[in-house]
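Below is one structure, written out as structure tokens, with a few remarks after it.
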Amino acid sequence: MPDNDIDVVPDDVDDEWSLSRRKAVSAAGAMGAAALAGCSDSTDDGSEASDPLADRDTLRVGVLAPLPSNNPIGASIANGAKLAADQINANDGLDGTELEVIVKDTEEAPQTGRTRYGELIRDENVDVTVGVFTSEVLLAIMDDIAGSKVPHITTGAATPEASAKVNEEYDTYKYHFRAGPINAHHLGENLVDFLDAKIDEIGWDSVAVLVEDYAWTEPVSEVLNDQLADTGVEVAMTQRYPAGTEDFNPIYNEVENSGADAAYLAMAHTGTPAVIQWAQQQRPFEFAGIHVPMQLPSYYDAVNGACAYGVTQNSATPQAAVTDTTVPFADDYNEAYGSYPVYTGYISYDAVNQYADVVSESGDVGGNAVVSGLEDSSYTGTVGTLEYYGRDDEFAHDVKYDEELVWPVFQQWQPDGEGSGTQEVIFPDDLATADYQTPPWI
Amino acid sequence: MANILQFFVQSTIRSGLYALVAIGFTLIFGVGGVLNLAHGASILVGAYGVYFSVSVLGLPTAVGFLAGVAAAGVFGAILYLGLIEQFTTEPIMVMILTLVTSIAVELLVLNTAGAQPVAIPQFASGNFSLAGTNVQFNQLAIFVISWVIIGALFAFINYTRTGKAILAVSMSEKGASLVGIDSHRINLITWVIAGALAGVAGIALGSQLAASPVLGRTPLVLSFSIVVLGGIGSIRGSVVGAYLIGFLEVFVIQFVSSDLSGIAPLVVLVLALLVKPEGLFGRELAE
Amino acid sequence: MSTDPQSSSTATRDTVLSVSDVNVSYGKVQALRDVSLSVGEGEVTSVIGPNGAGKSTLANAISGFKSFDGVIEYRGSSVHGRPPESIVESGLIHCTESRNLFGFMTVDDNLELGSYQRGDVAERKSLVYELFPRLDERRNQRANTMSGGEQQMLAIARALMSDPDLLILDEPTLGLAPIILEDISDGIDAIQSEGVTVLLCEQNVTFAMDHADEIHLLENGEIVRSGSPAMLRDDDYIRESYLGG
Amino acid sequence: MSNDNTTGGGGLARRLNPLRLPLRHRLGLLGLAGMAVLPRLVSTSFVVTLSLAYFWGVYAMSWDVVSGYTGQISFGHGVFFAVGGYTSALLNLGYGIDPVLSIPVGVVLAAAAGLIIGVPALRLRGPYLSLVTLVAPLILTQVFIFRSDVFNGEQGLSGVSPLFGLQTFGGEVAFYYVAFGLFVFVLAVLLLVTRTDAGAVLTAIREDPDTVAASGLNPSKFKIMAFVLSAAIGGLAGAVIVHTPSGNASPTTLMTITVNVEVIIAAILGGMGTIVGAGVGGILLILLREQLAGIAWTVPVIGQPVSDINFLVFALITLVLLFVMPGGIVRTAIIAGRRVLDRGSGEDTVATDGGTAPARRVYERYTDRLRAAFGGDDR
């Protein structure tokens, strides 16, 4: 049952809705959320006279994350956002206006995501929403984002279908931005760029492309099909295997039969059984690509070292100073929450900071102002410099993929000789901390 | 030719695992006439029993295996004493309760060990080439374990006093009581054995695929298919059923499309139910 | 569930089983009403009556398959609340009307399970085969492939494997061919001569009278006549209703 | 049986006279009236939750028609929701057909699915039938994954037009009345069917199919009728829900194991074989689940808030309730209510089996066993 019985929304008045929402903020607002978010100390606002932002004691940031208490990806979204808010608040907020973070659990399920998004809008009266892991959940709430007209910054879903909507129906969907990861099309390009740069050093002649059949990988597959061969590597086989695959034996047998030197991957949901089976069975091919679970800093211990010698693309790691703020953020996060963040943590942290930057700049928290503010913004965060493609770009409102802006790293898990392992950056070269190592059984 | 050899090697290995997965289920279905939808949960308990004892508590692997099997056996006992025995005359209630239980166990695992799959130690590591296809020693070990268990169970059921009592209870619970068999005790023993066997299956599956909270789902469906195809209450039938489905699945994977591998056992199950509900080797359900 | 100290008041030396004021109901239907009878050592006591009179209910109550109100004492101790297998252990064996054989097992296996609680399988088996040579010929045949009469024989034989002290035979003659009937008849005589006490629940009144030492007529859950076969043969009611005039 | 309509109609007219209704029926009508004005009284979020709850009420009622009445437990009722939902969604997305037209098509196809599963399933009894129904959604899911180009795999289809062009934000109350209207409509239809002679036959089929056959009726015909009716209503709920904010055309909304099990749980907890009970059960299920999702209290041993493990807690509560109230909440409440009012049994369409202090029965079962286990066992 909701925390309050106030009839926040008039039954029939659609246009006045956002107005009434604002009026209701102070009444309906603080009750349920503070306990959940557990962050803000309420200090008095010493506000400047910048129009609407100055009217606010608090700005409310809604966060959508899967199982924030035990899924590292979800926890990083929630904690990254909270840490950003805490640091801003510790620094006198946005000219005195505090950020308040309200976290809701999407359970990684589209419909639950929709329900929780509705709660953030209706009950919590948030001013912006951040987060969302998996393209499935994001696509389910796209129409609701349009309906609520509350800006949303995605920090954990890659499907370009979302940006396509922004491009096609700008006025409806303009409230959506993606701070990261780079969209799935660019993820594919990133894979090509990596191989292009490193193929000679690593020395693979042929690769088997293994891609899990989820929405986010479709553009990845397309790009790999079109461009991978241009790098000079032979594509020995290509397989989109079904969602929910648990048994990789048949697939690995095929990879072996194809004679590929390496499996080149795009895996998120199915990554762990894939890497465990690869390592335990000591399959005679190498293992690299986008492997979301392998991005987790605690992953080596979680899988008993099965990820050793596996390579994955990543937004940032605690070891790589992508920007000046990357390592300090990772350390602060570790201090606050007892573990290092995964990529969604960096992105969510950046997203909240960028939002704060934009709002603080314009002094206006209204949806339109935030949208145009973000469109014009160039903000250097922990994963690079965040700029968004314009409304006419096919990837409208997606973060720009560019060597000078956001340029993911590739890291390899390497055993540290003491029973554990470290995420060593092997690409790009200016950030590299180690050379690529071939698995010893090959 | 190489293809055919590879097909046989892969099918045989897979079928051994399937027989292991289904055998505990067969025992319960055959003896108690109970559709134990918590079979997958027992598999989960076995796999995560090993995970917790080895990876979390740091016990030696061998001890971990024993702990996993024991945990699954105890889980079987708890299921029987706590749920099944109360509802022996209400098969639908049993189905619902075991289904809810298995969901609860899945969630418990999810909430204690996380959604990410975890590695389970292997029986043996390394691999070798056989007939032009890669075979891991772990798969070989599972195959051997499968047959050792099938043999041992067969001997136990047919040549020991308790084993015969299990058979007797499966054919006529009242008849068993008439000759002085305590059918509650026998049922309990059956559930413990079936649980422990599911535990072994869980470890085998986990060591081969990694364990995840949904590890038990596919095996549950697989067990249905195998048992229904082989015939209810027949261990021999289940072994044959496991091999039929194993071969069918590898055939589909190798020669049709690996995307369809999950559908094959389901389709077989439905066909078997509709065409020959008593299975290949089945006897009618005991009274 | 061991011994029941407050029980032995009504039991006398030669009473194996005593049933007093037993009531059984299935929901609203009362199947047995204040039934009392006793079975003497070494005797064949028969309960006769039409189908549905409550004979099987009585047998089931005695052997622990049906809960009841009242007192049933076997060898001086109450059977109330004891599970069937514990009653079996004390030597009271029930051979049910529905036989409850292990259909997918061979004759041999059925018999072996008959002495589940005892050890001397081989010895008893040869005894039983001697008693029922027809079974001997079918040692390796599956129970459910045999004729009704043979199954009945097997059920009795299996009961004998438990080395019964008191044997309850529920409708052993129901639907049997005359030849088999003879075999069963001989069997019962032999059992009695071994010193086994028998409670025979029987619809076939003539058959019961041929074997019983004491007969009780059960109608609608109540015992309406009791006495020796000779006495009941002279009873008008029984003659008219059960002996065809 | 020949004059179904007249008896049914006459009976209905008599029954609908509020003054002559038994107390619990009057309470039920009062409840419905209360539900109709609820949006005026509660927060918008709760209105949204309630809308979902009504859909679940309909799900559970549709299950109850076939399983509660004929005793053929369906473990895969989600198949029908899915057929209805996906049909309507695909027609809407692919051909731009308005939901008002695509929903009926979904209903028809769902009914056809009921026929397809129902007819062969007639050959099977008890657990075997349940097996087939258990497997049906698994096969359908595999098909959805295999043909993800059409069905979009586990993600499902989004971007479907909302019913009547309503908006997620602002249209909450309208959606509420859509869901509530559907609930009342289905409740009325099913009560009409089950409280007339056809319902009596269905119940008889559950209790003793042979007798029904012996009395000259064809149980198969009635079973299939129940299957098709149930499938059509399930399909209707599925088809409507995908056009509201309460759900989308995805396996998660329509047919995962969780959905299939929850439908059964809802109907059993509410009271199987009563329609009303199932409807109430479906509503309570969602309210309970949402309630649990909002509890921030941390469970000691696991160290996680209830909100994160709400489904686990829900499953455990369900297990306990199944033990304590095997007859269902509605039956238990009626019996308790009667005891309070000290009324006689009176005329009653609700079977009162399993009503005798079930908690006590469970307690006795356990104490009996403990006694057997520890009390001087001489075996």
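Below, chain A is the first sequence line, B the second, and so on; all start at residue 1.
- Note that the CG atom of N110(C) and the OG atom of S172(B) stand 9.5 Å from one another [nearest 0.5 Å].
- Residue-environment remark: OH (Y26(C)) exceeds the threshold of 12 foreign heavy atoms within 6.0 Å.
- A 4.5 Å side-chain heavy-atom check between N60(C) and K174(B) finds at least one atom pair inside the cut-off.
- Only the side chain of D109(C) comes within contact range of chain B, judged by heavy atoms closer than 4.5 Å.
- When the shell of 6.0 Å around CZ of F156(B) is examined, it contains more than 12 heavy atoms from other residues, nucleotides or ligands.
- Counting only heavy atoms from C-beta outward, the side chains of F65(C) and L178(B) approach each other to under 4.5 Å.
- A donor-acceptor distance shorter than 3.5 angstrom exists from the side chain of R161(B) to the backbone of Y116(C), with no hydrogens or angles considered.
- Not a single donor-acceptor pair under 3.5 Å links the side chain of E85(C) to the backbone N or O of S177(B).
- Put simply, the residue from V179(B), V169(B), L167(B) that forms a side chain to side chain contact (heavy atoms under 4.5 Å, CB included) with F102(C) is V179(B).
- In this structure, L101(C) CG and M171(B) CE are separated by 11.5 Å, a value rounded to the nearest 0.5 Å.
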